[in-house]
Amino acid sequence: MKYLTEYIEITDSRYPAQLKQINKPPRCIYYIGNWDSGLFDTCVAIVGSRKISPYGRRCVEYFVKDFVLSGVTVVSGFMYGVDMCAHECAVANNGKTVAVLPHGIEIEVSESNLGIADNIINSGGLLVSMFDPFQKVAKWTFPARNEWVAGLSHSSVVIEAAKNSGSLITAGFAKKYNRPVFAVPGSIFSETSYGCNQLISNGARAAMISENRPNIVSDQKSTQISKVFEALKTGTFSQDELFYILNMSYREISVELANLLMSKRIYESGGRFYVY
Amino acid sequence: MFIRLKSICSVGIDIFGVDIEINIFNRGLPYFDIVGLPDKAVSESKHRVKTAIINSGYEFPNKRILVNLAPANMPKQGSVYDFAIAAGIIACNDGFFQLRQLLVNSLLYGELSLDGSLRYVPGAQLLDIFAKEQGISNVFIPNECKPDLAKYIKKATYTTYLCDNLKQLKEPEKHVLSVNTVPISQQVDSYETIDLKNIIGNKKAKRTLEISAAGGHNLLFLGSPGVGKTTLAMAYKHIQPPLYSDEVMEVDRIYAVSKIHARGRSGGGFDDMNLTEKPFRAPHHTVSVSGLVGGGALLRPGEITLAHKGVLFLDELHEFSKNCIEALRQPLESDHISIVRSGVTYKLPCEFTLIATSNPCPCGFFGHPDNKCTCSQSQIKTFMRKLSGPIMDRLDIVLTIHKTVDHIYDSVTSSCVNNESSQEVRHRVCLARKIQNDRYKNHNFKCNARINIDNINTFCILSPPAKKYLDMYTQNLNISIRRYFKFLKLAKTIADLDCIDIIGEEHIAEATMLCETF
């Protein structure tokens with residue numbers, strides 16, 4: 001299925017103002033979708049490692065829901081990992097998202113990504129590219145695209161980044177163009193949180209749970225206090241670890257975990273349980 | 001002079017009769033030959049036979065002798081026909097009329113030494129099966145084969161003659177094996193014992209071993225290198241229930257045939273086969289497809305058939321070749337494997353419980369809480385694709401084994417004093433299996449994991465709250481029908497371990513925890 005590609009030039013009145021502030025703003029923005037200038041009124045970039053962890057996923061879901069509710073557009077790089085998760089979350093919550101492609105607009109999107117590409121466009125978002133239309137993916141196209149992601153957004157949030165992650169480059173550009181940079185702190189033992197923690201210690205702002213929207217899962221359904229749930233709120237555990245920490249029988253833990261899974265207050269990944 | 005005696009040959013695990021026809025001509029130059037597609041060992045029989053007969057003091061006819069091993073188009077292998085040929089030739093001499101009468105309805109099996117004594121050959125157990133099927137009255141075997149056949153002596157429908165030496169054929173009645181013989185039990189000490197009580201932590205993993213052993217459920221342990229997956233699987237050996245009496249015969253037969261194919265080379269795990277225990281086969285991941293499923297001209301059974309009625313342990317499943325994993329499709333689906341040889345399809349049985357271990361990705365650290373995985377997305381995808389397909393659907397239990405986290409290490413080690421021993425767990429497993437055996441006595445499946453779709457609702461009876469619970473769970477979490485049935489069977493096994501008839505909510509809850517997503 002071939003998409004219809006269009007473009008706007010820098011001289012056009014619709015060209016996003018914030019992008020003109022960067023060094024050598026792109027002469028032409030190629031795009032697929034319905035151009036709506038309102039999309040670029042308030043943009044936040046969500047960037048991060050290609051290896052997203054379950055923790056990273058939770059963070060993306062938490063922040064994206066917030067942004068989308070406030071009418072903010074989510075900008076990201078259409079790469080597997082944090083980027084894709086951000087685009088998917090935005091679409092799932094009826095929000096708008098702009099994907100800045102790391103290649104020319106005429107280069108075919110890979111098959112596994114056709115679905116999300118469709119969803120982005122159908123939900124009022126855009127796929128954009130500032131490269132030559134036939135520019136293929138290369139090592140240098142990623143940092144170039146990162147500069148545009150930072151340039152398009154009024155602020156950036158780095159969800160997870162390893163020591164030498166490309167998302168640190170995006171953060172660098174955001175700082176250069178005086179856009180606020182937020183980073184999500186993570187476990188000091190986690191390799192994918194190293195970069196984020198480093199950003200914070202070098203002056204970026206820490207992205208945390210806002211007091212106005214604390215992370216409460218709809219607790220109205222349950223009136224009983226679940227020891228297992230309380231434990232999982234403090235961190236993620238496997239069933240064995242829960243057994244050794246709590247003073248409950250193995251079977252009691254199984255029953256509670258099954259109930260929590262069923263009522264969608266927790267989910268399981270790789271043998272460990274996480275609170276939504 | 002013509003005489004016809006009988007022996008056997010095995011193809012796959014089927015036993016075929018071989019007729020040994022001996023014709024001694026009255027005219028013609030002295031000549032001794034064997035026809036009927038003999039292999040080298042069978043052709044060399046004639047030298048052994050002639051020397052043995054002469055050394056035993058009999059007269060070797062100085063005439064033209066032709067031995068035909070029928071059916072003529074089936075290849076004959078091995079040295080097992082020596083005894084039959086020699087006995088037949090001896091019986092053709094004058095004065096052996098009674099021996100001739102005796103030999104006409106007999107099975108003979110054994111190898112000859114040059115001095116006339118008889119040597120051990122594996123496979124005597126198969127004579128028992130054939131003799132009963134064909135109604136043969138007498139079986140002649142070397143004395144050294146007695147342990148193999150003595151197990152079945154109580155229900156024998158034939159007379160067994162044990163011979164050390166061809167000389168004893170002069171008075172065969174003196175060498176009959178008495179029905180009152182006590183079979184020699186092959187007690188072999190297992191040298192690789194890992195008791196569950198010596199394994200630290202891993203409470204859930206040990207519980208899944210118990211559930212798998214009790215209900216015959218297939219199991220996969222995932223985890224980073226070094227967390228203890230292989231150790232846990234080795235401990236599984238010692239909580240297996242024993243073989244039931246009707247299964248012993250089947251397994252013995254398979255091992256007898258394998259020993260024959262091994263052609264006297266020891267090893268292969270046949271020698272330390274203890275027939276009171278379920279077989280436990282652990283092929284190395286470099287095994288070839290034919291080593292795994294069987295093959296060769298006379299259909300040597302593969303590892304999966306040797307694991308029949310027992311356990312097939314595939315350590316490092318991800319290292320097995322794709323062809324090997326694909327080859328497991330039919331066995332896991334229908335408990336047998338069809339092999340085609342020269343246009344004929346043979347079915348070898350292979351009803352086993354599969355225990356497998358694997359890393360979650362090429363580097364082994366996918367999903368580790370410290371995010372140490374260094375694999376690219378496509379590497380992980382390719383890795384997973386290899387494991388899925390035939391195996392994934394058939395696994396009832398998928399469990400990730402985690403490294404014991406530092407902050408609970410002390411409480412884990414201190415609670416080790418309360419660990420249950422393998423013996424205690426085995427006791428529960430045996431009870432649960434006995435319940436299942438009784439319950440399914442009129443069906444062709446004998447354990448919960450193998451209940452077929454038709455019967456699942458008859459046997460897996462849920463209490464009303466349990467039914468509501470399971471339905472709600474299935475709906476909320478979009479569980480497929482296949483998983484639904486897996487849960488039911490697992491819950492039934494858990495209920496059996498509790499010795500409870502009707503499946504309750506707590507059994508369902510525990511069952512749903514056993515199959516992780518990854």
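Just so we're on the same page: letters track the sequence lines, and every chain starts at 1.
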Novice: Pick one of side chain, backbone, both or neither for A/F273, based on which atoms fall under 4.5 Å of a heavy atom in chain B.
Specialist: side chain

Novice: Where does A/E160 contact chain B at under 4.5 Å (heavy atoms): side chain, backbone, both or neither?
Specialist: side chain

Novice: Please state whether the side chain, the backbone, both or neither of A/I188 comes within less than 4.5 Å of a heavy atom of chain B.
Specialist: neither

Novice: Let me know if B/N478 has heavy atoms under 4.5 Å from chain A in its side chain, its backbone, both or neither.
Specialist: neither

Novice: What part of A/Y244 lies closer than 4.5 angstrom to a heavy atom of chain B: side chain, backbone, both or neither?
Specialist: both

Novice: Quick one: CD1 on B/I508 to OG on A/S254, what's the gap to the nearest 0.5 Å?
Specialist: 12.5 Å

Novice: Just verifying a value: how many Å separate B/T400 OG1 and A/D240 CG, rounded to the nearest 0.5 Å?
Specialist: 11.0 Å

Novice: Taking atom OG of A/S263 and atom CE of B/M472, what is their separation to the nearest 0.5 Å?
Specialist: 9.0 Å

Novice: Any donor and acceptor pair, going by atom type alone, linking the side chain of A/K51 with main-chain N or O of B/C373 inside 3.5 Å?
Specialist: yes

Novice: What part of A/F189 is in contact with chain B, defined as an atom under 4.5 angstrom from a non-hydrogen atom: side chain, backbone, both or neither?
Specialist: both

Novice: Between A/L261 and B/Y473, which heavy-atom pair has the shortest distance, and what is it?
Specialist: CD1-OH, 3.7 Å

Novice: Please classify the contact of A/L257 with chain B as side chain, backbone, both or neither, using a heavy-atom distance under 4.5 Å.
Specialist: both

Novice: More than 12 heavy atoms of other residues, nucleotides or ligands under 6.0 Å from CD of B/E319: is that the case?
Specialist: yes

Novice: Determine, stepwise, if the pair B/E516 / A/E268 fulfils side-chain contact (heavy atoms from CB on, under 4.5 Å).
Specialist: CA-CA 7 Å; B/E516 292 170 1; A/E268 175 262 321; 3.4 Å; yes

Novice: Sequence neighbours left out, what pairs pass side-chain hydrogen bond (donor to acceptor under 3.5 Å, both in side chains) with at least one residue falling in residues 198-218 of chain B?
Specialist: A/Q239-B/K204, B/R207-B/E210, B/R207-B/E510, B/E210-B/R428, B/S212-B/Y236, B/H217-B/D396, B/H217-B/T493

Novice: Is it the case that more than 12 heavy atoms not belonging to A/R272 sit under 6.0 Å from its CZ atom?
Specialist: yes

Novice: Are B/H507 and A/R251 close enough, and set up right, to give a side-chain contact (heavy atoms from CB on, under 4.5 Å), and what steps lead you there?
Specialist: CA-CA 9 Å; B/H507 305 135; A/R251 180 155 278 180; 3.9 Å; yes

Novice: Could you tell me which portion of A/F237 (side chain, backbone, both or neither) has an atom closer than 4.5 angstrom to a non-hydrogen atom of chain B?
Specialist: side chain

Novice: At their closest point, which heavy atom of A/M262 faces which heavy atom of B/N476, and how far apart are they?
Specialist: O-ND2, 2.9 Å

